[in-house]
Structures are given as C-alpha cells and as structure tokens.
Amino acid sequence: AQRVTQPEKLLSVFKGAPVELKCNYSYSGSPELFWYVQYSRQRLQLLLRHISRESIKGFTADLNKGETSFHLKKPFAQEEDSAMYYCALSGGFTGRRALTFGSGTRLQVQP
Amino acid sequence: EAGVAQSPRYKIIEKRQSVAFWCNPISGHATLYWYQQILGQGPKLLIQFQNNGVVDDSQLPKDRFSAERLKGVDSTLKIQPAKLEDSAVYLCASSPRGGGITDTQYFGPGTRLTVL
C-alpha cells in the first residue's frame, strides 16, 4: 500500500528563517515523489518532483530512501511562500500511477 | 492554454439526494482523475481514466458513486444517494500521459459539496 505522512499541520516561521516541511512515505517499490502547493484562492499545482533535482522558487527536496523521507526545504522563507503544501507519491510502473497525497502542512511566514 | 474547468463550483444538497459534477480537462490530455478532498485531509483518488477507459477505480464507493468519460474528453461524477460524509471538495485533474514521474497533473478549481 502507498502512504504519505506529513506530521505537521501547521508550520509558522518568520521571514528569512529556514523552512523544512517534513514528509515520510511508505511504499515497497521505487516511489516517485512530488510536492504540490496551493496558494490562497488558487488551484493545487506542482511545485517540484524528485527527479528534477532543481530548485523551484528556492525550494529543494531530496529523496532519502533509507529514511523513506522527502522533506521540502528553503533556506530563507518569504511571505509569498505562505500556502498549503502537500507531499504526494506515485507508485511508478508497478504501482498506482495516480497520486497518493499526505494530509498537508500549512506554512505561515510572518513578517 | 485554458486550464481544467469544473462546474458547479458549489453545491448544497440534502442527504439521500443526487448530485452530478462536470469536468472539462485540458485539450489533448489523455488522462483524467477525480479526487475527493475532505476538510483537513489531502486529496484522495476516486477514479482515473485514460482516454475513455477506467485505469483505477479501486477507491470509488461504487454503491453510490459513478463516473464516466464520454468520448475521452469531458467527464461527469455522480453521487446517488448522497450521505453526510460525502461533504468534501471534488477535484478534477488531467495530465498529458498516463501518470508517473514525468507526467504533470493539472488541477481544476474544485466543486465544494455540502450535504445537509
């Protein structure tokens, strides 16, 4: 079975502080991991996927298969980063291709 | 490029009534998904279509939910009869291919259903 756990419902930081949104997954095969973001009054949209290995809006995420984690990080938070963040998993070619989402973490960046 | 369209945006019904939601995916996208998002939870897949065939409906409560994708384009999701626990946002998404790491899902604005 595919499962994604985001342990924090709310993360509040000050502008300029580092951010780490935690994501742990459970999957027996080779997972494909994503971070989706939903800004206020906007649609859910893809932020980044683990194979891209690039920084999007200053965010990065590294897949750690040993710890089954895919934490999202940003060294210096900005107020415009305030949003709902969802970690998601796809089972790849041998599993469910559609996304299994975590319950989400709301990031609040205070001025 | 127009995004995924959904209607209605909001719907309030009483339990045991029927309701239908409509989705128009991005033109040319082969795969269409319906997700249910209950307050405080992440989206949960209900059904996945590739063109007009069902790929995955393992989490669809088939005793009350049904979905179809006519001609591999638009899709409708129906609930009959509705229960209180069906109150949720119903999200439609589409992607160019069949899912996976190189495929991007584009989401619609959702339909917020309230069952009284």
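Keep in mind the model is a prediction, meaning the values are calculated, not measured. All chains are named by letter (A, B, ...) in the order of the sequence lines, taking the proteins before the strands, and each is independently numbered beginning at 1.
Linking Ile, Leu, Val, Met, Phe, Trp and Tyr whenever their side-chain heavy atoms come within less than 4.5 Å leaves B:L46 and B:V89 in two separate clusters. Linking ILVMFWY residues whenever their side-chain heavy atoms come closer than 4.5 Å, directly or via other members, places B:L77 and B:V115 in the same cluster. Cluster annotation: B:Y33 and B:Y90 are assigned to distinct hydrophobic clusters (Ile/Leu/Val/Met/Phe/Trp/Tyr, side-chain heavy-atom contacts under 4.5 Å, transitive).
The two residues A:R49 and B:D103 come nearest to each other via the heavy atoms NH1-O, 3.4 Å. Annotation for A:R43 and B:F107: closest pair CD-O, 3.2 Å, computed over non-hydrogen atoms.
By number of non-hydrogen pairs under 4.5 angstrom with chain A, the leading residue of B:G40, B:A93, B:P43, B:P109 is B:P43.
Residues that satisfy the side chain to side chain donor-acceptor pair (under 3.5 Å) test with A:S12, not counting sequence neighbours, are A:Q110.
Atom CG of A:L99 sits about 8.5 Å away from atom CG of B:L45, to the nearest 0.5 Å.
The neighbour count for A:F76 CZ, taken as heavy atoms of other residues, nucleotides or ligands under 6.0 Å away, does not exceed 12.
For a residue to count as touching a neighbouring chain, one of its non-hydrogen atoms must lie under 4.5 Å from one of that chain's; by this rule B:V4 touches chain A with backbone and side chain alike.
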In sequence, state the C-alpha distance, the side-chain angles, and the governing distance for A:Y36 and B:Q105, and then conclude on side chain to side chain contact (heavy atoms under 4.5 Å, CB included). CA-CA 10 Å; A:Y36 276 76; B:Q105 291 188 29; 3.7 Å; yes
